[in-house]
Amino acid sequence: MHLTHVAVAATVTLSVAGISYSALDPKSLEAKAQAVADRATCRTVDSAIVAYAGINGTAPKSVADIAGYVKGDISAYTIVHGQAAGPGC
């Protein structure tokens with residue numbers, strides 16, 4: 001074998017090992033999944049608005065009114081004309 005073949009084989013092997021480790025790092029994957037799961041979506045906020053209106057007979061005026069109806073972070077959203085406004089809406 002030529003020295004260049006050995007160098008190329010070593011480079012490919014190390015690259016694959018590095019990519020595999022970064023892709024399968026459980027702590028990193030768990031942190032990313034938790035961050036995504038903690039964020040509420042526009043649909044979630046809209047569903048909470050409907051639930052609030054159904055129970056109270058009136059539309060909520062702010063996201064503080066629906067905080068008890070949602071699991072996750074809804075701080076990026078506002079309520080405009082009875083509908084959610086924010087990321088993804």
Side-chain angles (χ1 to χ4, degrees):
M1 261 176 133
H2 296 283
L3 187 57
T4 54
H5 293 147
V6 173
V8 169
T11 302
V12 169
T13 302
L14 290 174
S15 297
V16 169
I19 291 169
S20 297
Y21 176 76
S22 66
L24 299 175
D25 182 19
K27 288 183 183 179
S28 174
L29 291 176
E30 182 181 352
K32 289 177 187 174
Q34 189 63 44
V36 170
D38 286 343
R39 282 185 249 140
T41 64
C42 187
R43 179 176 287 196
T44 303
V45 177
D46 277 334
S47 296
I49 291 169
V50 170
Y52 180 91
I55 292 171
N56 297 301
T58 182
K61 302 209 184 306
S62 70
V63 291
D65 294 338
I66 61 169
Y69 296 86
V70 178
K71 273 186 166 179
D73 182 19
I74 59 172
S75 60
Y77 295 92
T78 59
I79 298 175
V80 178
H81 304 295
Q83 293 183 338
C89 295

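It should be emphasised that the depicted structure is a prediction, and the values quoted were computed from it without experimental measurement. Residues: numbered from 1 along the sequence shown.
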Residues pairing under side chain to side chain donor-acceptor pair (under 3.5 Å) where one sits in residues 76-85, two or more places apart or in two chains, turn out to be none
Correct closest heavy-atom pair for Val45 and Ala84 would be CG1-CB, 3.5 Å
Notebook entry, point to check: Going through the checks in order, is the side chain to side chain donor-acceptor pair (under 3.5 Å) test met by Thr41 and Thr44?
Noted result: CA-CA 5 Å; Thr41 64; Thr44 303; 2.9 Å; yes
Residue pairs meeting disulfide bond (SG atoms under 2.5 Å apart), one or both in residues 40-89, sequence neighbours left out, come to Cys42-Cys89
So disulfide bond (SG atoms under 2.5 Å apart) across residues 51-81, not counting sequence neighbours, yields none
Residues 52-88 vs disulfide bond (SG atoms under 2.5 Å apart), sequence neighbours excluded, gives none
Residues at least two apart in sequence or cross-chain that pass side-chain hydrogen bond (donor to acceptor under 3.5 Å, both in side chains) with Ser75, listed by chain then number, are Asp73
Could you go through residues 52-69 and list every donor-acceptor pair under 3.5 Å that involves a side-chain atom there, pairing it with any protein atom two or more places apart or in another chain?
unit_1: Asn56; atom_1: ND2; unit_2: Tyr52; atom_2: O; d: 3.1
unit_1: Ser62; atom_1: OG; unit_2: Ala64; atom_2: N; d: 3.4
unit_1: Asp65; atom_1: OD2; unit_2: Lys61; atom_2: N; d: 2.9
unit_1: Asp65; atom_1: OD2; unit_2: Ser62; atom_2: N; d: 3.3

Note: Val70 and Ala48 closest approach over all heavy atoms is CG2-CB, 3.2 Å
